[in-house]
Structures are given as structure tokens and as C-alpha cells.
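What follows is one structure encoded as C-alpha cells, with my remarks underneath.
Source: prediction; values computed, not measured.
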Amino acid sequence: RVEKMAGKRMMTMLTGRTRKGSDGDRPTRASDAGEGSGAKVLAGTRRLATTSVAGILRQALPVLAMLVVLVLAANAGEIPVPGTPVGITLQTLVVMLSALLIGPGECAALMASYLVLGAAGFPVFAGGGSTASLVGPSAGFLYGFLPAAVITSWMSRRPAWTVGRGARTTSGWMMQVGLRVLWYSLCCVVGCIAVEYLCGILVQSVMTGVPASVVATASLAFVPGDLLKALAAAAVVAVPGARLHLEGSTYTGFPSETR
């Protein structure tokens with residue numbers, strides 16, 4: 001009996017030590033789990049930061065590219081128009097292309113950056129102009145770039161009708177191209193011509209003291225050229241999208257709708 005009792009005591013002591021050892025291991029395991037969770041959170045944060053930076057770059061690069069093109073177009077020279085201090089430049093064409101290729105938010109950032117660079121003294125406006133151009137007779141046309149581009153971009157992403165979905169034939173492709181060019185041209189006429197001219201005429205009338213009707217009449221000389229620019233910008237954007245759709249890609253709508 002004594003031996004049996006001594007054996008039971010030994011077993012009890014050994015079992016207690018094992019439990020204590022197991023309990024003692026628990027904090028270590030919890031600590032390891034905490035370290036693992038921290039590592040996962042840190043890795044997730046790094047992935048999120050990388051994704052955010054990549055997204056910002058994807059949005060910023062088109063804006064920077066169009067900004068460079070806009071500055072180059074403004075400094076490419078201008079054709080003077082009799083009866084008005086404003087000349088014909090390629091700026092309007094670049095504004096139209098920008099509005100059709102990038103979104104309204106990007107257009108706002110693009111035009112705001114363009115105006116800020118000019119206000120800071122950089123020669124980014126037509127003829128190498130900068131700060132003085134923003135208080136001159138053509139200032140309204142410069143300020144008008146911002147609402148003109150945003151409105152044109154916004155309109156181009158809200159088509160008035162469904163155009164050429166499912167076109168797989170040459171005749172269907174041609175009809176699709178024609179309707180897209182018509183729609184994009186209309187967007188450019190409303191935003192980059194009507195809104196642009198309204199801003200430019202009103203500001204020029206206020207700064208020069210000439211009646212708005214006289215300024216508007218003189219500005220009619222720009223209309224034919226701007227209509228051709230609208231048609232050209234619409235064709236550049238509409239044709240590639242139509243061709244992709246004809247070749248059977250997953251493209252199902254206007255090029256701007258997929259952005």
C-alpha cells in the first residue's frame with residue numbers, strides 16, 4: 001500500500017509539472033500569434049500603400065502628359081485674327097482631346113495646373129505669355145478652359161443614345177464611327193466652343209469696355225476653325241474605340257465609358 005501511495009504521489013507530481021509546463025508555454029504561443037498578426041498587418045499596409053501610389057501615378061501621368069502637350073501647343077505659334085486681340089492656336093484642339101480622353105476630375109486638375117503655372121510666371125500661354133495673359137483681354141478664354149474641359153468630359157461619358165453595340169460588319173463599323181464622331185463633336189461644341197466663347201466674350205467685354213455683341217461678332221471668325229478642331233478631336237477618339245469593338249474585344253460602349 002505504501003508503495004502504491006508513493007507511486008500515486010509521484011504520478012500526481014509529474015502530471016502537475018506537465019500541466020505547469022503546458023501553461024507556461026501558452027504565453028509564448030500567444031506571443032508568436034501576436035507577432036504573426038503584426039507581420040500580416042504590416043504586409044497588408046505595405047500592399048495598400050503600393051496600390052495607392054500606383055493608382056495615383058496612373059491618374060497623374062495622363063494629366064502630366066496632356067499638360068506638356070498643351071504647353072507645347074500654346075507655344076507653337078498663333079495666327080492673328082483682324083478685329084480681335086485673340087489669335088488662333090492649337091490650344092483648343094488639345095483641350096478638346098483632353099476632355100474626350102480623360103475624366104472630368106483629371107480635366108479640372110489639368111486646366112487648374114495650367115493656369116497656376118501661368119500665374120507663377122512660367123511662359124505656358126500662347127506667344128510665351130504668363131501672368132500678364134491672365135489679366136489681358138484674352139484672359140476669359142484661358143479661364144474658360146477649365147469649365148469647358150470639365151463639361152465636355154462629363155457630357156462625353158453620358159451618351160444620349162446607345163451607339164453601334166454589336167457591330168461586326170463593315171457597314172455597322174462605319175455607322176458606329178459616324179455616330180460616335182457626331183456625339184463627341186456635339187460634346188466639344190457645347191463645352192469647348194459655347195462655354196469657352198461665353199467666358200471669353202464676357203471677360204473681354206468687361207476688360208476692354210467694348211459691348212459684348214461687338215466682341216461676339218468679332219469672335220465669329222474663330223467658329224469655323226474650332227468646328228474643324230472639334231471634328232478632328234472626335235474622330236481621333238471615336239475611330240480607335242469603334243475598331244476595337246469591331247474586332248470582337250470586350251469593349252461595349254463609348255471609349256470614355258471604360259475609363
Side-chain angles (χ1 to χ4, degrees), residues 56-57 59-154 188-223 225-226 229-230 232-233:
I56 293 173
L57 289 176
Q59 292 180 346
L61 286 177
V63 174
L64 293 175
M66 296 309 299
L67 180 60
V68 172
V69 175
L70 183 58
V71 172
L72 293 176
N75 286 274
E78 61 179 354
I79 302 173
V81 177
T84 174
V86 182
I88 298 176
T89 67
L90 294 176
Q91 285 176 296
T92 307
L93 176 60
V94 177
V95 172
M96 291 177 179
L97 285 172
S98 301
L100 296 177
L101 290 173
I102 61 179
E106 288 85 355
C107 284
L110 168 62
M111 298 307 160
S113 301
Y114 183 58
L115 295 174
V116 168
L117 286 176
F122 292 95
V124 295
F125 301 138
S130 56
T131 309
S133 299
L134 294 174
V135 293
S138 61
F141 291 95
L142 292 174
Y143 294 127
F145 283 157
L146 199 157
V150 171
I151 291 172
T152 302
S153 180
W154 180 83
C188 290
V189 168
V190 173
C192 293
I193 295 180
V195 174
E196 173 76 5
Y197 277 46
L198 179 62
C199 295
I201 290 170
L202 291 178
V203 173
Q204 187 173 331
S205 176
V206 171
M207 289 188 171
T208 60
V210 178
S213 58
V214 176
V215 178
T217 302
S219 298
L220 291 177
F222 296 95
V223 174
D226 285 340
K229 293 175 186 177

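Note that the OG atom of Ser98 and the CG atom of Leu93 stand 9.0 Å from one another [nearest 0.5 Å]. Interatomic distance, SG of Cys107 versus CG of Leu101, reported as 9.0 Å (0.5 Å rounding). Between the OG atom in Ser153 and the CD atom in Glu106 there is a gap of 7.5 Å [rounded to 0.5 Å]. Between Leu97 atom CG and Leu70 atom CG the span is 11.0 Å, to the nearest 0.5 Å.
Residue Ser113 comes nearest to Ala109 through the heavy atom pair OG-O, 2.7 Å, listed as atom of the first residue, atom of the second, then distance. Here the shortest heavy-atom pairing between Met96 and Lys229 reads SD-C, 3.7 Å. Across all their heavy atoms, Cys188 and Leu100 have their closest contact at SG-CD1, 3.9 Å. Nearest approach of Val150 to Pro104, heavy atoms of both residues: CG2-O, 3.8 Å.
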For residues 190-203, tabulate all N or O donor-acceptor pairs below 3.5 Å that involve a side-chain atom, not counting sequence neighbours.
{"from": "Glu196", "atom 1": "OE1", "to": "Phe145", "atom 2": "N", "distance (Å)": "3.2"}
{"from": "Tyr197", "atom 1": "OH", "to": "Phe222", "atom 2": "O", "distance (Å)": "3.3"}
{"from": "Tyr197", "atom 1": "OH", "to": "Val223", "atom 2": "N", "distance (Å)": "3.3"}
{"from": "Tyr197", "atom 1": "OH", "to": "Asp226", "atom 2": "OD2", "distance (Å)": "2.5"}

Pair up each side-chain donor or acceptor in residues 117-129 with any protein partner under 3.5 Å, not counting sequence neighbours, and list the distances.
none

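Counting only heavy atoms from C-beta outward, the side chains of Val94 and Met66 approach each other to under 4.5 Å. Under the 4.5 Å side-chain criterion, counting only non-hydrogen atoms from C-beta, Met111 is in contact with Val95.
When the side-chain hydrogen bond (donor to acceptor under 3.5 Å, both in side chains) test is applied to Gln91, the partners found at least two apart in sequence or on another chain are Thr89, Tyr114.
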